[in-house]
Amino acid sequence: MTRYIFVAGGVMSGIGKGVTTASIARILKSRGFRVTAAKIDPYVNVDAGTMNPIEHGETFVTDDGMECDQDVGNYERFLGEDIPRENYMTTGAVYQEVIRKERNLEYGGACVQVVPAIPQEVIERLETASKKAQADFTLVEIGGTVGEYENILFLEAARMMRLARPKNVLFVLVSYLPVPSMIGEMKTKPTQHAVRAMNATGLQPDFIIARSTVSIDEPRKKKLAVFCNVHEEDVISAPDVTSIYEIPLNFEKDMLGDRVLEKFGMKRSVSDMADWKDLVTRIKGAKRQMGIAIVGKYFQTGDFVLADSYISVIEAIKHAAWAERITPEIVWLNAEEYENDPQKLQELDAYDGIIVPGGFGPRGVEGKILAIQYARERQIPYFGLCYGMQLATIEFARNVCGLKGANTTEVDPQTAHPVITPMEEQQSLIQEKHFGGSMRLGAYDCRLTPGSLSMRAYAKDKSGTQKNGVISERHRHRYEFNNAYRETLTRKGLVVAGCNPQRNLVEIIELADHPFFVGTQFHPEFKSRPLSPHPLYRAFIQAALDTKNKNASNNGVTDDGG
Ligand code: GLN
C-alpha cells in the first residue's frame with residue numbers, strides 16, 4: 001500500500017519546493033522505505049522538451065527518455081535512483097491522454113467533464129508510478145503555488161485522493177516567510193494567506209515548511225500553528241543553507257521523519273543517514289578552491305542570469321570536486337564576446353578547466369569554437385557535453401585537419417564539410433517540423449575503446465557504471481558525428497573513445513596529447529549523484545587539479561591544500 005505526500009507551494013515559487021520534496025523522500029528512504037517522487041508541472045507543453053530553458057530551467061532527461069522538469073533531477077540525486085517517465089506529467093500530457101481516450105470511446109460514450117475526468121487521469125498516473133516503484137511512499141510535487149488557476153485541477157486530484165483514502169494522504173505546504181529589512185522581523189502573514197488559499201481548494205496542510213533566510217523561532221511557530229491550523233511541531237524550520245544537501249539533515253533536526261510516520265499511524269523506524277552526513281561533512285570540509293569556466297551563450301531574463309538552465313552540469317561538477325575535497329568556483333563566460341574580441345580568450349588562463357555544455361542553434365557557436373581551440377592549444381582541461389563535443393569536432397576538423405568552413409548543418413546547412421549532420425531518422429522529422437519529444441532521447445549503450453582515457457575513467461568507478469567496457473548514458477540531440485569524416489579526423493589524432501554498438505554512432509571523442517580533452521555526445525551530468533559522482537566528471541576534475549598543481553609549482557607557489 002502506497003502512502004502519498006503532496007507538496008504544494010505558498011507565497012512564491014523558486015524557494016526550493018523540489019529540493020524539499022527530494023529531501024523528504026531521502027529522509028524516508030534512509031528509514032528503510034521504498035520511496036519514489038513525482039512532479040506535476042502545470043504547463044500546457046506536453047513535456048519539458050519544448051519549454052524555454054531560461055524561464056523553466058534545465059530540461060532533465062530520464063533513462064527512459066522523458067524530457068522533464070529539473071526537479072526530477074533533484075529526486076534522482078537525493079534518492080540515488082533512476083526515476084521513470086511515469087513520474088512526470090504536465091497539464092498538456094494529461095489533457096492529451098483524456099482526449100485520446102475520448103476519441104477512442106473509452107469513456108463509453110459518456111459526456112466527459114473536466115471534473116472528474118482530468119483529476120481522475122492524474123490519480124491514475126500517480127497510482128501507476130507508485131505501483132511501478134512498489135512505493136511505500138510517493139512524494140508528489142505540485143508545480144507553482146496554491147491560489148493559481150493553473151494548478152487547481154491538480155489540487156483537486158489531491159483532494160479526491162485524500163477523500164478516498166484519508167489515512168494515506170498528507171499535505172505539505174512549502175511557504176516563504178520574508179524578513180523585510182525595514183522591519184527586521186520575520187513575517188508570517190503571507191503564509192497565513194497561502195494557507196487560506198489552500199483551504200479554499202478544500203485542503204489543509206499537515207506540515208508547513210517555513211522557508212526563510214533564517215530559522216523560524218518559537219513565537220512564530222506558535223503563531224503559524226494557531227492561524228494556520230497546524231500543530232506547532234509540524235512547522236518545520238527551513239533556513240537558507242550553503243548546500244542543498246544539508247536540508248534532509250535539517251528537517252530531521254525538527255523530527256520531520258518521525259512526525260510523518262506518526263501521522264500515517266506507522267511505527268517509528270531508525271534513520272540511517274550516515275552516508276548523507278559524510279557527504280555534508282565532505283562538502284563543508286572542502287576548503288581548496290578551483291575555477292571552472294562554463295563557456296556558453298549569453299542569456300538572462302531581465303537583470304537575472306539564471307543558473308538553473310544547467311543545474312545538472314553544475315551539480316555534477318560539485319559532486320566530483322567534493323570527492324577531491326575541493327569547492328569549485330563555477331563561472332559562466334559569454335562565448336559571444338570572444339567573437340568580437342579574441343584577446344578576451346586570455347581570461348580562460350585563469351581557470352583550471354573549461355566546459356562547453358549542451359546547446360542549440362547558431363548564437364555564440366563561433367565564440368565557443370574559439371574557446372575550445374584555446375583549451376586545446378593551451379592544454380587546459382576541456383570537457384565538451386553534447387554540443388560541446390560536436391563543436392570540438394568542428395574545431396579539430398577546421399584547425400587540425402585543414403577542413404575550411406567545417407561545421408554542423410544545424411548552423412550552416414551549406415557547409416563544405418558537414419562533420420556534424422542529423423541522424424538519419426531526424427532528417428524527415430526536422431523537415432516535417434515534428435519537434436516535440438522526437439530527439440534521440442534517454443539512455444543508449446556506448447562501447448568504450450580500450451586504452452582510451454574514458455575507458456580508464458570508467459574502469460576506476462566501482463559503482464557499476466561500466467560492464468565489460470559498455471556504458472549506458474543519457475542523450476538529447478538530433479545531430480551526430482558524421483562517420484564519413486571519421487577516417488580523416490582520426491588519422492590526424494582524434495580518438496574515438498566510445499561508439500554506440502548498435503548503430504556505430506560516435507559517442508565520445510578525445511585527444512591523446514592533452515591532459516584532458518574529452519567530448520561526449522551524451523550528457524553524463526544526468527547520471528551524477530552526490531554519493532556517486534560521475535566517472536568522467538571525476539577524471540575532468542582530477543585533470544584540472546593536476547594542471548592547477550603543475551601551474552602552481554611552475555610559479556613557485558605551494559599549496560598544501562589546507
Ligand atoms: N544541438 C545539438 C543537437 O541537436 C546538440 C544538442 C545538445 O547539446 N543537447 O544535436
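Note that ligands are numbered from 1 as they come in the structure, with each ligand's atoms numbered from 1 the same way.
Near ligand 1, heavy-atom contacts under 4.0 Å come from Gly358, Gly359, Phe360, Cys386, Tyr387, Gln390, Glu410, Arg476, His477, Arg478, Tyr479, His523.
In this structure, a donor-acceptor pair under 3.5 Å is absent between the side chains of Asp71 and Thr21.
Looking at Phe526 and Asp82, their side chains never come closer than 4.5 Å, going by heavy atoms from C-beta outward.
A salt bridge links Glu425 to Arg503: one of the charged nitrogens lies within less than 4.0 Å of a carboxylate oxygen. With salt bridges taken as basic N to acidic carboxylate O contacts below 4.0 Å, none links Glu525 and Arg476.
Under the 30°/60° scheme for interplanar angles, the aromatic rings of Phe516 and Phe540 are found to be tilted. The aromatic rings of Phe517 and His514 lie perpendicular to each other, with more than 60° between the two planes, well past the 30° mark.
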